[in-house]
Protein chains: 2
Amino acid sequence: MAEAAKFFEETAEPANFNENKTQIERFIAKHNEGCTPVVLITSGGTTVPLEGNTVRFIDNFSIGTRGSASAEYFWTRHDVLFLHRHRSLQPYTRHLPQSQLLDILEVKNDDEGQKLCVKNEKTAKLLDIIHKYQSVQKEGRLLMVEFTSLVDYLHLLRASSLIMSSLGKNAFLYLAAAVSDFYIPKNKMPQHKIQSSNGPLQLSLELVPKMLEALVKNWVSSAYVVSFKLETDPNLLIVKAQQSLEKYEHQLVIGNILDTRKFEVVFVTNSETDWIKLEENDLQNGIEIESKIVKSLVERHRQFCCE
Amino acid sequence: MAEAAKFFEETAEPANFNENKTQIERFIAKHNEGCTPVVLITSGGTTVPLEGNTVRFIDNFSIGTRGSASAEYFWTRHDVLFLHRHRSLQPYTRHLPQSQLLDILEVKNDDEGQKLCVKNEKTAKLLDIIHKYQSVQKEGRLLMVEFTSLVDYLHLLRASSLIMSSLGKNAFLYLAAAVSDFYIPKNKMPQHKIQSSNGPLQLSLELVPKMLEALVKNWVSSAYVVSFKLETDPNLLIVKAQQSLEKYEHQLVIGNILDTRKFEVVFVTNSETDWIKLEENDLQNGIEIESKIVKSLVERHRQFCCE
């Protein structure tokens, strides 16, 4: 945990950090006297810059599907603090692919002139989405905070966790963001764009301190904490998830394989290994695996709060 | 150029490559007997995978602003083949940030039931955009093709260039994509996700062969070719642009600095160094620098075709 503390000392807070912190404090303060639980969902990938004036960075596959879909299902019971990568998918708007936006609108003429309306065949689905979106917005049940780099993400994760500790067991952390394991410290990266005229490129990346230990033990110690483990090799998945659980002593690890993550995941706890899968008829009915994941988690969190 | 040929031999064609090629051939064939020039715009950044089953990759800052904005201005005279990064900005839809989408719609009731329409205050601007978008679509003046990785991009660039060579001087290549200079060949990368339990990470990246030479001399030798040079160090910009022009013998390099690229660029040709800048009143009037860049290029291409 000394490494985690050193990391925060040596890295700069993100732009707008204090404004974001104030917003998070206000959002959580509203819940301190109520009984609505709050879930912090982290979503999307983090970037690791290779240069001070950053042209290039290391990134990962995540566009925020898991986190943004999960948020929609958590609202049955939880309010949501959504800490997400800039330009990644967001709850509700994720159903509208940007490239098709102009194709769903049509020009209508009425007494007041020209109007732009959603085409009839798309209206029912979008009305449903917009009603849910507006109700969540109106009731103040969502706060969205953005990050881009690994460093920004970790500063915001620590701040959010510390603030949420006031919620006790009503705090739920759902750590779905795909966080880099490696980075280049600022004092070891070149200031300007790396030149290809210098020939092939050797990069030395250091390990990012494991923050989960500090999070579970110090930042938000009463919370229900779920982390994710993504692998490409199925042989490693469960053993890696178990190791993580033993090391950090949190409640649950959700394991998933890159190629099958939209159809099956495995819940690993101290006492069980439980696969959650989409069946053939789920797929036909457009069921998302996040609905099953979150349904189970909401019940687990309810039980945790009663213990 | 032997290195370029070797690169294509050793890398796989992207998914849907033949379908994309057929689409491009059809789009270009329509122009072979006409006199409408065609511009190939490349836009957005390329990814460089670090693993075979790719969890991590190297990427860059570009989200396709330059390319997508430029396309809109090229339509005054050129038809557009838009070769762009998956999920990067696209012409016209770029004006609708996805995160604000649900906020610009409102529910209206009429005789036929509930409708979803764009709010009044947003209608005029969006009507203008949608009219332009629909006319470009209807007249078949746009073909969009997507890429993600460096390898996909280069295969599609070569195919497009070879097909466009039938247009002679009416072919215009506007190479705005931010293409990686480094990559890891498939046979030198691990198959599975790199494990952080193995400690710090050393990466060895090789140089990507410079494709501009093959493009200018072999693939599409009669075309008007504009490349971009992006730097973070202003002291390097013009000398790097001049070196590129001398080496590849194409028509023009547009130089730009990361921090100021939305406000000023420099045109470097064999005979001149010409800055294009947004003035104070341009900024106040919402003028985009791409309108000035493309206006000048359209005139330069017209003159080039008359020579």
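Every chain is numbered from 1 and lettered A, B, ... according to where its sequence line falls, protein lines coming before strand lines. Worth knowing before you read on, the calculation uses all heavy atoms, side chains too, and leaves out hydrogens, waters and symmetry mates.
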**OP:** Heavy atoms only, distances under 4.5 angstrom: which of A/Thr232, A/Val208, A/Asp259 has the most pairs with chain B? Name it, please.
**Re:** A/Thr232

Original post:
Which residue out of A/Ile58, A/Leu230, A/Asp59 racks up the most heavy-atom pairs below 4.5 Å with chain B?
Top reply: A/Asp59

**OP:** Counting only heavy atoms closer than 4.5 Å, note whether A/Gln202 contacts chain B via side chain, backbone, both or neither.
**Re:** both

Subject >> Contacting moiety of A/Thr54, where chain B heavy atoms sit under 4.5 Å >> reply: backbone

**OP:** Please state whether the side chain, the backbone, both or neither of A/Ser88 comes within less than 4.5 Å of a heavy atom of chain B.
**Re:** backbone

**OP:** Against chain A, label B/Leu258 side chain, backbone, both or neither, depending on which of its atoms sit under 4.5 Å from a heavy atom there.
**Re:** side chain

Original post:
Okay, side chain of A/Arg87, backbone of B/Arg87: is any donor-acceptor separation there less than 3.5 Å?
Top reply: yes

Subject >> Heavy atoms of other groups near B/Glu3 CD, more than 12 under 6.0 Å >> reply: no

Subject >> Greatest number of heavy atom pairs closer than 4.5 Å to chain A - which of B/Gln114, B/Gln243, B/Glu206 >> reply: B/Gln114

**OP:** Kindly compute the distance separating CD1 (B/Ile257) from CG (A/Asn53), expressed to the nearest 0.5 Å.
**Re:** 9.5 Å

Original post:
When rounded to the nearest 0.5 angstrom, what is the spacing between CG in A/Leu50 and CG in B/Leu203?
Top reply: 9.0 Å

**OP:** Could you tell me the separation between the CG atom of B/Leu201 and the CG atom of A/Asp181, rounded to the nearest 0.5 Å?
**Re:** 9.5 Å

**OP:** Just give me the residue among B/Thr93, B/Val118, B/Leu116 that pairs up with chain A most often, heavy atom to heavy atom, under 4.5 Å.
**Re:** B/Leu116

Subject >> Close contacts, residues 189-198 of chain B versus chain A, judged by heavy atoms under 4.5 Å >> reply: B/His192, B/Lys193, B/Ile194, B/Gln195, B/Ser196, B/Ser197

Subject >> Distance in Å, B/Leu96 CG paired with A/Leu105 CG, rounded so as to fall on 0.5 Å steps >> reply: 7.5 Å

Original post:
With a 4.5 Å limit on heavy-atom distance, are the side chains of A/Lys115 and B/Lys115 in contact?
Top reply: no

Original post:
A/Leu89 versus chain B, heavy atoms under 4.5 Å apart: side chain, backbone, both or neither?
Top reply: both

Subject >> Which portion of B/Lys240 sits near chain A, non-hydrogen atoms under 4.5 angstrom >> reply: side chain

**OP:** Tell me, out of B/Asn60, B/Val107, B/Thr47, B/Leu236, who's got the most heavy-atom pairs with chain A below 4.5 Å.
**Re:** B/Asn60

Subject >> A/Val55, part contacting chain B, at a heavy-atom distance under 4.5 Å >> reply: both

Original post:
Crowded around A/Lys6 NZ? As in, over 12 foreign heavy atoms under 6.0 Å?
Top reply: no

Original post:
About how many Å separate CD of A/Gln90 and CG of B/Leu101, when rounded to the nearest 0.5 Å?
Top reply: 10.5 Å

Subject >> Per-residue contact mode, A/Tyr133 against chain B (heavy atom under 4.5 angstrom) >> reply: side chain

Original post:
Measuring from B/Lys108:NZ to A/Lys108:NZ, what's the distance to the nearest 0.5 Å?
Top reply: 12.5 Å

Subject >> Where B/Phe61 and A/Phe57 come nearest, the two heavy atoms and their spacing >> reply: N-CE2, 3.7 Å

Original post:
Taking only heavy atoms into account, what residues of residues 120-131 of chain A are found under 4.5 Å from chain B?
Top reply: A/Asn120, A/Thr123, A/Leu126, A/Leu127, A/Ile129, A/Ile130, A/His131

